[in-house]
Amino acid sequence: VLSFDPAQLNFLAGVSGDPTTQTSTLSASGTLDASNVDLVASESWVVLPSTTSIGSPMTFGVDVSGLDQGAYTASVTASAPGYLPAVLTINLSITDEIVWTYQFNYQPEGTFNIPSDYIPDTGAPFGLQQVGGQSLEFGWVLPGTNTPAVSTDNTRDRNVGGVSDLLNTLNIIAHNNANNFPPRDWMISLPNGPYYVNVSVGDPGTDDDSRHVVAVNGVTIVDFDEEANAPAIHTAEGTELVEVTDGFLRLTQGPLGDNTKVNYVRIAPFDPTLVPPTVQAEFTGNQSGEGVYRGTVEVALSAIDNGGSGI
């Protein structure tokens with residue numbers, strides 16, 4: 001008997017393009033050489049593993065090129081001589097919304113109630129880290145450089161009642177007391193291209209002495225004057241489209257910022273070809289009523305390239 005674990009993979013794709021690959025492990029009830037296993041996908045948009053293996057994770061993906069928004073289902077069948085086949089179900093949902101590929105919560109060491117798809121960042125220096133079975137290069141550096149630097153002393157947990165741990169935890173990237181809490185930038189290695197970046201800033205505590213300004217690759221993502229808005233408002237967030245041109249996405253305190261504190265960051269690649277255009281129709285003719293024409297009607301169509309893809 002052959003079996004997949006898990007037996008189902010769920011992919012969600014948006015304007016970010018192809019979603020992150022996922023893994024499933026194929027097992028056999030007896031001794032079986034992987035070279036005797038055939039993997040067949042029912043749909044062409046399923047990306048099969050480059051090599052077949054038994055007892056170790058295999059990587060599966062999806063190619064959303066040419067697919068419209070909606071829900072899709074496919075199956076991957078594993079078969080081998082003398083074995084009952086195994087079926088892996090692959091579900092794909094395509095939306096026009098942003099699907100965040102990378103989500104990091106800035107926090108001290110410890111256990112916090114944050115969503116499972118957030119990666120805890122506790123102030124470790126920039127470098128290669130293993131996260132959920134994949135290798136990511138991210139962390140803290142000296143401002144304006146690629147020099148790794150520890151930022152654990154700048155992490156905080158305000159533990160304010162009624163406030164989520166995503167907002168209670170933070171890292172002070174530019175402390176007023178720079179001698180004891182040196183400023184830091186945060187970086188992640190990413191392929192060149194456009195990315196949506198969402199950043200939450202603020203401090204639910206009682207300091208109320210900050211103007212939180214965060215810039216990513218030269219683009220101001222959020223500018224929030226907590227001192228002017230507290231106690232009514234303590235946190236804020238912003239989302240902007242930025243470009244990675246040197247393989248790095250850098251988060252730093254932006255112009256006019258003072259004592260900036262970041263709660264979390266979310267990052268999503270942007271594929272402009274997946275943003276549908278806006279099509280407009282203009283009718284010219286003998287109109288006898290609202291939306292009603294008699295005789296010959298001339299129709300002029302125009303489209304707005306919302307994604308800027310040029311297509």
Aromatic ring pairing F138/W186, orientation class (parallel under 30°, perpendicular over 60°, tilted between): tilted
Between Y195 and W100, ring centroids under 6.0 Å: no
Minimum heavy-atom distance [X]-[Y], with the two atoms named:
{"X": "V244", "Y": "L190", "value": "CG1-O, 3.8 Å"}
{"X": "G61", "Y": "T21", "value": "CA-CG2, 4.2 Å"}
{"X": "V160", "Y": "P204", "value": "CG2-O, 3.6 Å"}
{"X": "A281", "Y": "L301", "value": "CB-CD2, 3.6 Å"}
{"X": "P194", "Y": "L241", "value": "CB-CD1, 4.3 Å"}
{"X": "L48", "Y": "A41", "value": "CD2-CB, 4.1 Å"}

Distance from [X] atom [atom1] to [Y] atom [atom2], nearest 0.5 Å?
{"X": "L26", "Y": "D5", "atom1": "CG", "atom2": "CG", "answer": "10.5 Å"}
{"X": "I188", "Y": "I267", "atom1": "CD1", "atom2": "CD1", "answer": "4.5 Å"}
{"X": "E226", "Y": "K261", "atom1": "CD", "atom2": "NZ", "answer": "6.0 Å"}
{"X": "L88", "Y": "F60", "atom1": "CG", "atom2": "CZ", "answer": "5.0 Å"}
{"X": "Q69", "Y": "I94", "atom1": "CD", "atom2": "CD1", "answer": "8.0 Å"}
{"X": "N263", "Y": "L167", "atom1": "CG", "atom2": "CG", "answer": "5.0 Å"}

Side-chain heavy-atom pair [X], [Y] within 4.5 angstrom cut-off:
{"X": "E227", "Y": "D208", "result": "no"}
{"X": "R266", "Y": "T239", "result": "no"}
{"X": "V37", "Y": "I54", "result": "yes"}
{"X": "I173", "Y": "W140", "result": "yes"}
{"X": "Y196", "Y": "P269", "result": "no"}
{"X": "T235", "Y": "V201", "result": "no"}
{"X": "L256", "Y": "D223", "result": "no"}
{"X": "V197", "Y": "L249", "result": "yes"}

Would you say the side-chain atoms of [X] pair up with the backbone N or O of [Y], donor to acceptor, closer than 3.5 Å?
{"X": "D258", "Y": "S210", "value": "no"}
{"X": "S29", "Y": "V1", "value": "yes"}
{"X": "S24", "Y": "P6", "value": "yes"}
{"X": "S53", "Y": "S56", "value": "yes"}
{"X": "D165", "Y": "N113", "value": "yes"}
{"X": "N168", "Y": "D157", "value": "no"}
{"X": "E43", "Y": "W45", "value": "no"}
{"X": "R184", "Y": "F181", "value": "no"}
{"X": "N217", "Y": "F248", "value": "yes"}
{"X": "N154", "Y": "H175", "value": "no"}

Evaluation steps, side chain to side chain contact (heavy atoms under 4.5 Å, CB included), between L2 and S27: CA-CA 6 Å; L2 298 176; S27 300; over 6 Å; no
Between [X] and [Y], is there shared hydrophobic-cluster membership here, with clusters defined by ILVMFWY side-chain heavy atoms closer than 4.5 Å?
{"X": "Y106", "Y": "V163", "result": "no"}
{"X": "L92", "Y": "V99", "result": "no"}
{"X": "V76", "Y": "Y72", "result": "yes"}
{"X": "L9", "Y": "F4", "result": "yes"}
{"X": "L39", "Y": "Y83", "result": "yes"}

[Y] and [X] side chains, donor-acceptor separation under 3.5 Å:
{"X": "E237", "Y": "Y264", "value": "yes"}
{"X": "N105", "Y": "T169", "value": "yes"}
{"X": "T155", "Y": "T152", "value": "no"}
{"X": "S135", "Y": "Q130", "value": "yes"}
{"X": "T260", "Y": "Q253", "value": "yes"}
{"X": "T73", "Y": "N91", "value": "yes"}

Pair V62-I90, side chain to side chain contact (heavy atoms under 4.5 Å, CB included): steps then yes or no: CA-CA 9 Å; V62 297; I90 296 183; 4.2 Å; yes
Stepwise side chain to side chain contact (heavy atoms under 4.5 Å, CB included) check, N146 with M187: CA-CA 8 Å; N146 291 1; M187 292 203 326; 3.6 Å; yes
Among L166, I114, V265, D117, side chain to side chain contact (heavy atoms under 4.5 Å, CB included) partner for Q103: D117
With L251, the side chain to side chain contact (heavy atoms under 4.5 Å, CB included) member among D185, I221, N171, V262: V262
Residues, nucleotides or ligands: over 12 heavy atoms within 6.0 Å of Q134 CD: yes
Neighbour count >12 (heavy atoms, 6.0 Å) for atom CD, E137: yes
Cation-pi, F126 ring and R250 (6.0 angstrom, 45 degrees): no
Check against side chain to side chain contact (heavy atoms under 4.5 Å, CB included), T147 and V141: CA-CA 5 Å; T147 305; V141 296; 5.6 Å; no
Single hit among H234, R158, H212 for side-chain hydrogen bond (donor to acceptor under 3.5 Å, both in side chains) with D203: R158
